[in-house]
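I have placed the structure first, in the form of structure tokens, so that the comments after it can refer back to it.
These numbers come from a predicted model, not from an experiment. Keep in mind that the numbers below use all heavy atoms, side chains included, and drop hydrogens, waters and symmetry copies.
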Amino acid sequence: MLAKLTQLVVMGGILSLGVSGCGTPTGKTATDTAGSASTTTLAARGALSTNNAASPIGMNTNEVMESDASMPFIDLMRAAMPFEEASPWLTKGNVTYDANGWPSNLNGGQAGTRFLSNLPAAVIPEGTYTVLYDGEGEIQYMNDATLVERKAGVDTITIAAGSDNMLNTSLLITRSNPQNYVRNIRILPPGGICSSNPFQRVASAAACGGNYQSFVENAGSIVFNPDFMNFMKDFRAIRFMNMSGVTRSTERAWSDRNTLSKAAWGGKEGSRGAPLEIQVELANRLNADPWFTLPHAADDNYVREFASYVKQHLNSNLKPHIEYSNEAWNTIFTQANYMIDMGMKLGLDTNAQRAGNRYYSQRSVEIFTIWEGVYGGSQRLVRILAGWTVNDKLSETLLTHKDAYKHVDALAIGPYVFGGHAELRTVGSVDQAFDLINNPVYRHSLEKELGYVRMQKAITDKYGIRLIAYEAGQGLADFKTKTDEEMPNPMLFAANRDPRMRDVYARLLSGWKAEGGTLFMHYTAPRTFTKHGPWGTKEYITQPASQAPKYQALLDFIGSTPCWWDGCKR
């Protein structure tokens, strides 16, 4: 089943990926904890999930940020704010940086980053963390992180939430030798995993019976937080739209992409995002189909290099799901305006919006054609055009422009239930929030939303393709509020915690199947409820399932309803 084994290599403290042939993983299993420039090869273990072989549900990832409550990475530095972006609050003075974003010369100033922000205390274990780094200098720790012991290249710190029961941690590089500057910082938790079970965090070797791997000594090969792995293992597909940073992306050329050696993968829109290597590695370890969303301005070479990497490194039993950009019809995003500009430039329609929609369709097919060339056909690909749930005319335009439907496997929509945007503003109780979902008078009630699914299914049947959901779930979000405490947010959050939400999801999922939908990608991985919406399947990665009715409903459906469309079972 496995075409290749991926090897993860730590070179001077930097994670990198290489490929070995089939067979037993080879290489050393110890890391120089002082963070020296020695090279240590760490082979990935066979961390494959079997829970998702017939699962009909996939999961969207979150943005790589220091506030991401899904905590995908063991090394807390991976999702930290880039040093340069932390100016002028933490980073001060005329600091200069190397090509990877490490402060190469403080020039009398300081360089700082925030690596945990407004997260529930239980999201990671409280206790002693190890900070490894290369170079000569001094790091100070702030907020909920406290220095315990300092040695060359190794700091020991404690991380513990204060009286607010929330985690906020920062660090400052206050002294750094420009000839050997502080770099390759890794912030690693206590404990580890048993190599036979990468889905469970353990406190010590006593739990493993001889196959213990500590996070500190094996951070380069473990990579992913076992709590995150345990959550993701039940889902058949992973949509990397958020994790890859594709929304409002500035990437055009292959050289623009984020790399493994970058100081941090977090940050603002347009620059953040986990490298492709990490996305493929996660899909392989979870035995989940990857759903890749390519940047709107990516050139042909970018697409070809992307496809070539995936073909070479993705396990051969997995199918890449290919989507061009995200919600290319939605003009709140820069990518939609890019589509309009390109469509008008090419004279695809006299109407600007339709011109943009036609360009999205046309460029999607061009991208699919490049992937087909790399893969030698479309048999191992799922080629996706994404529409707007309530707009059947858009779907027709996308599929018929230059006969695009002949080069497409699925139309994707985003069926969210929430009643209506204006109505949400008036919610004053949890009961009212559920009335918006359950009362068919509202435009985005559960009944109405399933009607839109039925409408879109008729279109996909007409053109002989599948209907899938790129995002879906509850949509109780008021985008006009300024704070988490402003009404109706408290009521919307409470509705998402209410046991009745489990029944809403049960009806949504069974209705989705009954109307002919196939793969259902829930939005989204665990994330805290904020003024931007209570989107998380759970509110943080370690939240008990008993407190997360949406998560319970998804697991119920996965357990009771094997996938039903042709060729779905692995």
Side-chain angles (χ1 to χ4, degrees), residues 54-58 236-237 239 289 291 293 319-330 354 357-358 360-365 367-369 371-372 377-417 440 443-473 505-523 557 561-570:
S55 173
I57 307 293
R236 73 171 295 109
R239 187 169 181 251
D289 290 333
W291 182 316
T293 312
K319 283 190 171 185
H321 290 48
I322 313 304
E323 177 189 19
Y324 173 43
S325 194
N326 171 58
E327 293 193 352
W329 48 267
N330 191 343
R354 282 200 306 271
N357 296 335
R358 291 183 185 281
Y360 165 73
S361 174
Q362 183 169 307
R363 181 59 180 157
S364 294
V365 171
I367 287 171
F368 301 153
T369 301
W371 277 80
E372 291 163 16
S378 62
Q379 294 80 7
R380 277 191 60 197
L381 304 175
V382 179
R383 302 160 298 174
I384 300 164
L385 284 178
W388 185 7
T389 308
V390 300
N391 193 331
D392 54 340
K393 291 183 175 59
L394 171 62
S395 299
E396 287 279 357
T397 298
L398 298 181
L399 292 170
T400 59
H401 178 70
K402 296 187 176 181
D403 289 340
Y405 70 91
K406 296 179 180 179
H407 310 278
V408 170
D409 301 299
L411 174 72
I413 58 174
Y416 284 108
V417 293
R443 186 179 186 222
H444 291 282
S445 64
L446 178 56
E447 183 177 311
K448 286 282 179 61
E449 207 68 19
L450 291 176
Y452 304 139
V453 173
R454 189 180 314 119
M455 173 185 73
Q456 296 285 2
K457 181 61 166 58
I459 294 172
T460 58
D461 284 349
K462 177 180 176 181
Y463 295 106
I465 60 176
R466 287 199 291 128
L467 181 66
I468 60 181
Y470 67 90
E471 295 173 12
Y505 265 58
R507 289 184 287 129
L508 173 62
L509 292 165
S510 62
W512 168 257
K513 179 187 177 185
E515 297 298 348
T518 57
L519 177 63
F520 183 100
M521 303 293 293
H522 185 250
Y523 194 86
F557 193 73
T561 314
C563 63
W564 53 87
W565 55 96
D566 289 344
C568 70
K569 296 178 182 178
R570 287 196 291 266

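- Taking the side chain as every heavy atom from C-beta outward, I468 and M521 never approach each other to under 4.5 Å.
- Closest approach of L381 and G377 over heavy atoms only: CD1-O, 3.9 Å.
- A donor-acceptor pair under 3.5 Å links the side-chain atoms of R236 to the main chain of C568, judged by distance alone.
- Side chain of W329 to main chain of G387: a donor-acceptor pair is present (N/O by atom type, distance under 3.5 Å, no hydrogens or angles).
- Ring orientation note: the planes of Y324 and Y360 are close to parallel, at an angle under 30° on the 30°/60° scale.
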* Evaluation steps, side-chain contact (heavy atoms from CB on, under 4.5 Å), between R383 and H321 -> CA-CA 6 Å; R383 302 160 298 174; H321 290 48; over 6 Å; no
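- With hydrogens and angles ignored, the 3.5 Å screen pairs a side-chain donor or acceptor of Q456 with a backbone N or O of W388.
- Shortest non-hydrogen contact noted between L508 and V417 is CD1-CG1, 4.3 Å.
- Checking side-chain atoms of R507 against main-chain N and O of L446 turns up no donor-acceptor pair under 3.5 Å.
- Atoms CZ and OG1, from R466 and T460 in turn, are 10.0 Å apart once rounded to the nearest 0.5 Å.
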* **Criterion salt bridge (charged side-chain N to carboxylate O under 4.0 Å, His left out) on E449 and R443, from CA distance to verdict** => CA-CA 8 Å; E449 207 68 19; R443 186 179 186 222; over 6 Å; no
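- In this structure, CZ in R454 is found 12.5 Å from CG in L467, a value given to the nearest 0.5 Å.
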* Give the C-alpha distance, both sets of side-chain angles, the deciding distance and a yes or no for side-chain contact (heavy atoms from CB on, under 4.5 Å) between F368 and I322. => CA-CA 8 Å; F368 301 153; I322 313 304; 4.1 Å; yes
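- Between L385 and V365, every side-chain heavy-atom pair lies at or beyond the 4.5 Å cut-off.
- Side chains of Y523 and Y470 form no contact here, defined as non-hydrogen atoms less than 4.5 Å apart.
- For the pair I384 and V408, the minimum side-chain heavy-atom distance is 4.5 Å or more.
- In this structure a side-chain-to-backbone donor-acceptor pair under 3.5 Å is missing from T293 to E323.
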* Give the intermediate values and the outcome of side-chain contact (heavy atoms from CB on, under 4.5 Å) for residues T561 and K513. => CA-CA 10 Å; T561 314; K513 179 187 177 185; 3.8 Å; yes
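- Rounding to the nearest 0.5 Å places CD of E327 at 9.5 Å from OG of S325.
- Checking E515 against Y452 by side-chain atom types alone, no donor-acceptor pair falls below 3.5 Å.
- Considering every non-hydrogen atom in both A54 and K569, the closest pair reads CB-CG, 4.2 Å.
- Between W512 atom CH2 and L519 atom CG the span is 8.5 Å, to the nearest 0.5 Å.
- N391 places a side-chain N or O within 3.5 Å of a backbone atom of L394 that can act as its donor or acceptor partner.
- Rounding to the nearest 0.5 Å gives a distance of 12.0 Å between OH of Y405 and OG of S361.
- Nearest heavy atom pair, residue K457 against residue G516, reads CE-O, 3.1 Å.
- Looking only at side-chain heavy atoms (C-beta outward), D392 and I459 come within less than 4.5 Å of each other.
- For D289 (side chain) and K319 (main-chain N/O), a donor-acceptor pair under 3.5 Å exists by modelled atom type.
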* **Chi angles and distances behind the side-chain contact (heavy atoms from CB on, under 4.5 Å) call for K448, V390** => CA-CA 10 Å; K448 286 282 179 61; V390 300; over 6 Å; no
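- The minimum heavy-atom distance linking W564 with T518 is given by the pair CZ2-O, 3.8 Å.
- Looking only at distances, no side-chain donor or acceptor of H522 sits under 3.5 Å from a matching main-chain atom of F520.
- In terms of heavy-atom proximity, L398 sits nearest to A386 at CD1-O, 3.4 Å.
- Rounding to the nearest 0.5 Å gives a distance of 11.5 Å between CD of Q362 and CD1 of I367.
- Side chains of Y416 and E471: a donor-acceptor N/O pair is present below 3.5 angstrom, by distance only.
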